[in-house]
Amino acid sequence: MQLAIHGGMPYRTRPFPTCANASGRWLGEEEKRLLAEVIDSGALGRNDGSKVVALERAWAEMLGFGASAQPNGGAPLAAQAVTSGTAALHTAVASLNLEPGDEVVTTTITDMGTVIAILACNLVPTFADVDPRTGNITAETIAAQISPKTRAIIVVHLFGQMADMPPILALARQHGLYVIEDCAQAHLAAYNGRLAGTLGDLGCFSFQQSKQMTTGDGGLVVTCNEALATRARLFTDKGWPRGIPGLRGHLLFGMNYRMTELQGAVGLAQAGKLTEIVAQRRRTAGLLRQLMADIPGLIPPHIIPGADHSWWMFPFTIDQARLGVSPQAFGQAIKAEGLPFGVGYIPNPVFEYDVIRDRKTFGASGIPWTLPQARPGIIYDRRDYPGTLRFLDEMFVMSWNEGLTEADVHDIAGALAKVARYYRND
Ligand SMILES: Cc1ncc(COP(=O)(O)O)c(C=O)c1O
């Protein structure tokens with residue numbers, strides 16, 4: 001048998017559906033209909049229309065909050081739509097109203113938006129190592145980062161699998177810390193039946209192009225805490241208490257993170273499909289896990305007991321001893337067979353990006369690390385992160401999507417089996 005990497009025929013020559021375009025997305029007539037309603041109405045801003053508010057209600061209901069309370073503006077208290085996942089995280093962190101120089105523990109493996117939210121509030125990020133099987137932080141690795149300045153934890157549910165939350169929540173309670181769930185990649189993921197975003201003090205979602213549901217860019221913050229919800233709402237609208245009779249002016253520092261009605265229309269249509277989108281992702285990812293379990297030398301994604309994955313990415317590893325090949329060489333071979341898997345999700349732990357390593361934040365100030373209130377001497381050293389390095393070196397990832405069919409999954413498994421067989425030499 002000759003691998004494509006040696007000049008043979010690739011196992012799959014047609015491209016797979018992708019989230020980057022219509023092939024991997026369920027975007028269609030409902031999105032167009034709601035979008036046309038917005039354009040015909042002439043009301044494109046959230047404060048003049050109804051779609052963003054309806055999207056917030058839909059999400060609040062989907063997460064089981066119901067339209068619990070009616071705050072200023074009449075929208076459900078529990079969900080606040082914003083312009084991106086980064087904006088959602090910034091809003092969530094800002095709503096905690098922490099003091100500059102305070103610390104927030106988060107993960108080494110995430111999108112930079114998670115860390116930008118911390119830095120934007122003049123807070124110092126500290127990083128917990130990850131479980132190399134899942135890429136998620138744990139109560140144990142978080143505990144190792146807690147200092148007298150720590151005030152909050154941002155838990156990222158990586159790739160759509162929730163972190164092991166009960167011990168993390170217990171640790172947070174013990175130390176009096178807020179918990180923000182970064183569910184940007186984990187729409188409708190669950191743990192012991194509880195949905196991502198509903199366990200911490202606040203949950204944040206991203207609707208960027210590649211996420212389970214999309215508005216192109218967009219995001220959402222959820223919380224059951226009335227005080228946090230009020231601050232979050234104000235923060236997204238320049239501190240402006242719209243709709244509260246007798247209250248005028250700007251009550252606190254805030255941004256304009258208002259989602260437009262155009263995004264709201266697409267989001268509302270997408271929210272109506274989200275349960276089925278996630279179910280479809282679970283069907284195809286479940287099939288691949290099953291097929292992969294029968295290919296000696298491949299290690300299917302590790303799912304922690306009680307977790308219901310919602311498959312933003314499909315990760316797996318190889319048994320290097322069994323196959324006698326490095327992840328890099330195996331990765332080149334499966335790519336040549338037409339599979340869109342890469343090794344590692346981001347090239348390095350987030351603290352090695354220029355912005356953090358060189359403290360490129362506010363001019364040459366080095367703020368927040370150099371603030372007089374900040375704990376001195378905080379450094380980030382990759383040698384303290386064995387789980388992270390292992391995960392980044394060994395984990396294969398493929399962006400998952402609802403356009404993938406059973407036939408696509410059989411092709412993926414077939415190509416993986418071909419390459420694994422070659423290296424196993426049987
Ligand atoms: C875990 C995580 N956090 C935060 C973000 C930021 O979201 P956005 O790109 O919508 O700003 C993303 C998006 O890629 C993400 O995956």
Side-chain angles (χ1 to χ4, degrees), residues 18-20 25 55 59 79-94 104-121 125 127-128 130-131 134-137 152-163 165 179-189 196-197 200 202-222 235-236 255-260 263-264 266-267 270-271 281 309-315 342 344-351 353 355-356 388 391-392 395 397-401:
T18 163
C19 265
R25 302 260 47 147
L55 168 65
W59 261 85
Q80 176 71 31
V82 290
T83 50
S84 70
T86 305
L89 285 152
H90 187 192
T91 300
V93 178
V104 180
V105 184
T106 190
T107 174
T108 53
I109 300 182
T110 184
D111 177 84
M112 200 58 203
T114 312
V115 188
I116 282 172
I118 300 170
L119 296 174
C121 294
F127 297 96
V130 303
D131 178 336
T134 61
N136 281 330
I137 57 176
I153 303 165
I154 303 184
V155 182
V156 172
H157 301 312
L158 198 71
F159 298 165
Q161 174 167 213
M162 287 180 70
M165 288 302 284
V179 175
I180 295 173
E181 291 178 78
D182 180 344
C183 316
Q185 306 178 359
H187 304 186
L188 300 189
L202 297 127
C204 300
F205 295 84
S206 164
F207 300 150
Q208 170 267 342
Q209 173 77 34
S210 73
K211 300 304 182 332
Q212 286 89 334
M213 70 157 261
T214 187
T215 57
D217 267 311
L220 190 96
V221 185
V222 296
F235 186 80
T236 62
M255 313 299 284
N256 174 356
Y257 281 158
R258 297 189 305 260
M259 180 181 267
T260 70
Q263 291 164 298
V266 174
Q270 285 274 283
R281 287 173 179 241
H309 208 302
S310 72
W311 303 104
W312 180 61
M313 288 254 190
F314 186 100
Y345 157 53
I346 52 174
N348 296 304
V350 279
F351 56 72
Y353 283 120
V355 51
I356 299 179
T388 301
F391 184 92
L392 294 178
M395 192 61 67
V397 286
M398 172 176 166
S399 178
W400 212 243
N401 63 73

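As the structure lists them, so they are numbered: ligands from 1, and atoms in each ligand from 1.
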> Between Leu89 and ligand 1, which residue portion shows a heavy-atom distance shorter than 4.0 Å: side chain, backbone, both, or neither?
Replying inline: side chain

>> At less than 4.0 angstrom from any non-hydrogen atom of Ser206, what atoms of ligand 1 do you find?
In response: 7 (O), 8 (P), 10 (O)

>> Testing Val105, Ile109, Thr108 one by one against Phe127 for a side-chain contact (heavy atoms from CB on, under 4.5 Å), which residue passes?
In response: Thr108

>> Which residue is it: Asn136, Val155, Ile137? I am looking for the one with a side-chain contact (heavy atoms from CB on, under 4.5 Å) to Thr107.
In response: Ile137

> What's the shortest distance from atom 11 (O) of ligand 1 to any protein heavy atom, and which residue and atom give it?
Replying inline: Thr86 OG1, 2.5 Å

>> As an exercise, identify every atom of ligand 1 less than 4.0 angstrom from a heavy atom of Gln185.
In response: 1 (C), 15 (C), 16 (O)

> How close does the nearest protein non-hydrogen atom get to atom 5 (C) of ligand 1, and which residue and atom is it?
Replying inline: Asp111 OD2, 3.4 Å

> Quick one: CZ on Arg25 to CE on Met213, what's the gap to the nearest 0.5 Å?
Replying inline: 9.5 Å

> What protein heavy atom is closest to atom 2 (C) of ligand 1, reported as residue, atom name and distance in Å?
Replying inline: Ala184 CB, 3.3 Å

> Which residue supplies the protein heavy atom nearest to atom 14 (O) of ligand 1, what is that atom called, and how far is it?
Replying inline: Lys211 NZ, 2.8 Å

> Near Val156, which atoms of ligand 1 are under 4.0 Å from a heavy atom of that residue?
Replying inline: 1 (C)

>> Suppose we measure from atom 3 (N) of ligand 1 to each protein heavy atom; which comes out shortest, and what is that distance?
In response: Asp182 OD2, 2.7 Å

> Between Trp312 and ligand 1, is there a nitrogen or oxygen pair with a distance under 3.5 Å?
Replying inline: no

> To the nearest 0.5 Å, what is the distance between OG1 (Thr18) and CD (Gln209)?
Replying inline: 8.0 Å

>> Evaluate His309 against Trp400 for side-chain contact (heavy atoms from CB on, under 4.5 Å), listing each step before the verdict.
In response: CA-CA 12 Å; His309 208 302; Trp400 212 243; over 6 Å; no

>> Is there a polar contact, in the sense of an N or O pair closer than 3.5 Å, between Asp217 and ligand 1?
In response: no

>> Working to the nearest 0.5 angstrom, can you tell me the gap between Gln185 CD and Ser399 OG?
In response: 10.0 Å

> Which ligand 1 atoms, with their elements, are less than 4.0 angstrom from a heavy-atom of Thr114?
Replying inline: 3 (N), 4 (C)

>> I'd like to check which ligand 1 atoms, numbered from 1 as shown, lie under 4.0 Å from a non-hydrogen atom of Gln208.
In response: 10 (O)

>> Could you check whether Thr91 and Gln80, counting side-chain N and O atoms only, form a donor-acceptor pair closer than 3.5 Å?
In response: no

> Is the distance between the ring centroids of Phe207 and His187 less than 6.0 Å?
Replying inline: yes

>> Considering non-hydrogen atoms of the protein only, which is the closest contact for atom 8 (P) of ligand 1, and what is the distance?
In response: Gly85 N, 3.5 Å

> Can you name the closest pair of heavy atoms from Ala88 and Cys204 and give their distance?
Replying inline: O-SG, 3.5 Å

